[in-house]
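The figures that follow rest on heavy atoms only: side chains count, while hydrogens, waters and symmetry mates do not.
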Amino acid sequence: GVVPVDVSSMDDISKSEKWTTSYVDKLGGYSSPVIVDGIIYKYVAGRGGVDKRTSTLICKLLCIELNTGKMTNTLDMPGLTNWTSPVATADGYVYYATGSKSYVVKTGTTPEVIGPNDLGDYNFGSCPAVVDGKLIIRGGNKLWCIGKP
């Protein structure tokens with residue numbers, strides 16, 4: 001689950017727990033969370049089961065208030081591997097980028113998926129890197145550099 005703690009009292013972490021949740025564990029996924037403006041963005045996939053409407057694995061981005069643990073939004077992001085970890089930018093976007101399926105999310109009070117993309121490669125299980133304003137993505141067969149020239 002997710003358990004934020006107050007680091008000012010590191011002598012006994014159990015006394016500094018702010019809140020806890022188990023729904024992240026129930027849904028699964030290995031993606032790292034990222035925090036933007038007090039919201040935790042955590043992608044989950046796989047163990048949460050199958051969406052009965054579409055017969056696909058449940059693949060969602062959870063938006064969780066950092067201070068309270070309340071889930072404020074969920075966004076569908078089908079086809080993204082559960083190993084994908086995000087990159088956040090100062091202009092309010094979170095990138096879940098792989099050699100195959102990728103998503104760009106605009107953060108905020110009402111987050112939204114700006115667009116899915118697919119490079120046609122497969123996810124090698126690596127995280128993207130940021131260099132000079134460009135995303136470097138390692139696919140299974142290629143190394144991708146995405147950004148403005």
Side-chain angles (χ1 to χ4, degrees), residues 1-5 7 13 17-149:
V2 176
V3 182
V5 294
V7 295
I13 290 179
E17 184 176 296
K18 295 177 100 174
W19 52 265
T20 186
T21 182
S22 62
Y23 53 79
V24 172
D25 282 344
K26 290 177 185 172
L27 293 172
Y30 301 104
S31 174
S32 298
V34 66
I35 300 171
V36 178
D37 294 329
I39 301 291
I40 301 169
Y41 294 87
K42 172 66 173 122
Y43 177 72
V44 294
R47 289 192 319 229
V50 175
D51 185 326
K52 293 176 183 169
R53 295 172 293 134
T54 62
S55 298
T56 58
L57 283 177
I58 293 173
C59 301
K60 295 198 177 284
L61 181 65
L62 308 180
C63 304
I64 305 165
E65 286 182 353
L66 179 61
N67 288 331
T68 65
K70 177 184 172 198
M71 190 165 14
T72 59
N73 292 287
T74 62
L75 300 172
D76 290 327
M77 294 184 4
L80 188 63
T81 176
N82 65 359
W83 293 98
T84 306
S85 289
V87 172
T89 59
D91 58 352
Y93 292 91
V94 177
Y95 296 83
Y96 290 85
T98 75
S100 61
K101 197 73 147 185
S102 297
Y103 287 89
V104 178
V105 176
K106 185 172 184 341
T107 64
T109 308
T110 308
E112 62 180 302
V113 173
I114 297 302
N117 300 289
D118 196 332
L119 294 174
D121 205 342
Y122 66 91
N123 182 20
F124 195 70
S126 61
C127 297
V130 179
V131 178
D132 292 330
K134 295 175 177 58
L135 280 177
I136 308 297
I137 302 167
R138 181 180 179 194
N141 295 311
K142 297 177 181 173
L143 183 64
W144 302 86
C145 178
I146 300 175
K148 295 178 183 176

Could you tell me whether a side-chain N or O of K42 sits under 3.5 Å from a main-chain N or O of V34, the two making a donor and an acceptor?
-> no
Heavy-atom closest pair (L75 atom, P111 atom, distance to 0.1 Å) is CD2-O, 3.6 Å
Measure the CD1-NZ distance between I64 and K70 for me, rounded to the nearest 0.5 Å.
-> 12.5 Å
Note, V87 side chain near Y93 side chain (heavy atom, < 4.5 Å) | no
Minimal heavy-atom distance between Y43 and L61, with the atoms involved, is N-CD1, 3.8 Å
Which heavy atom of S32 sits nearest a heavy atom of P86, and at what distance?
-> O-CD, 3.0 Å
Separation between CG of L143 and CG of D121, rounded to the nearest 0.5 Å | 10.0 Å
Are any non-hydrogen side-chain atoms of C63 and Y41 less than 4.5 angstrom apart?
-> yes
Looking at side-chain heavy atoms only, is the closest gap between I146 and L119 below 4.5 Å?
-> yes
Distance col, row M71:CE vs I40:CD1, nearest 0.5 angstrom, shows 11.5 Å
Closest non-hydrogen atom pair between G147 and K134, with its separation | CA-CG, 4.1 Å
Donor-acceptor contact below 3.5 Å, side chain T84 vs main chain Y96 = no
Please list, one pair per line, the donor and acceptor atoms closer than 3.5 Å that link side chains of residues 98-107 to other protein atoms, with sequence neighbours excluded.
from : atom 1 : to   : atom 2 : distance (Å)
T98  : OG1    : S100 : N      : 3.0
T98  : OG1    : S100 : OG     : 3.3
T98  : OG1    : K101 : N      : 3.4
T98  : OG1    : K101 : O      : 2.6
S102 : OG     : T98  : N      : 2.8
S102 : OG     : T98  : O      : 3.1
Y103 : OH     : P78  : O      : 2.6
T107 : OG1    : G92  : O      : 2.9

Report yes if some heavy atom in the side chain of L80 is under 4.5 Å from a heavy atom in the side chain of C59; otherwise report no.
-> no
Heavy atoms from other residues, nucleotides or ligands near CG of D132 exceed 12 (cutoff 6.0 Å) = no
Distance from K60 atom NZ to L62 atom CG, nearest 0.5 Å?
-> 8.5 Å
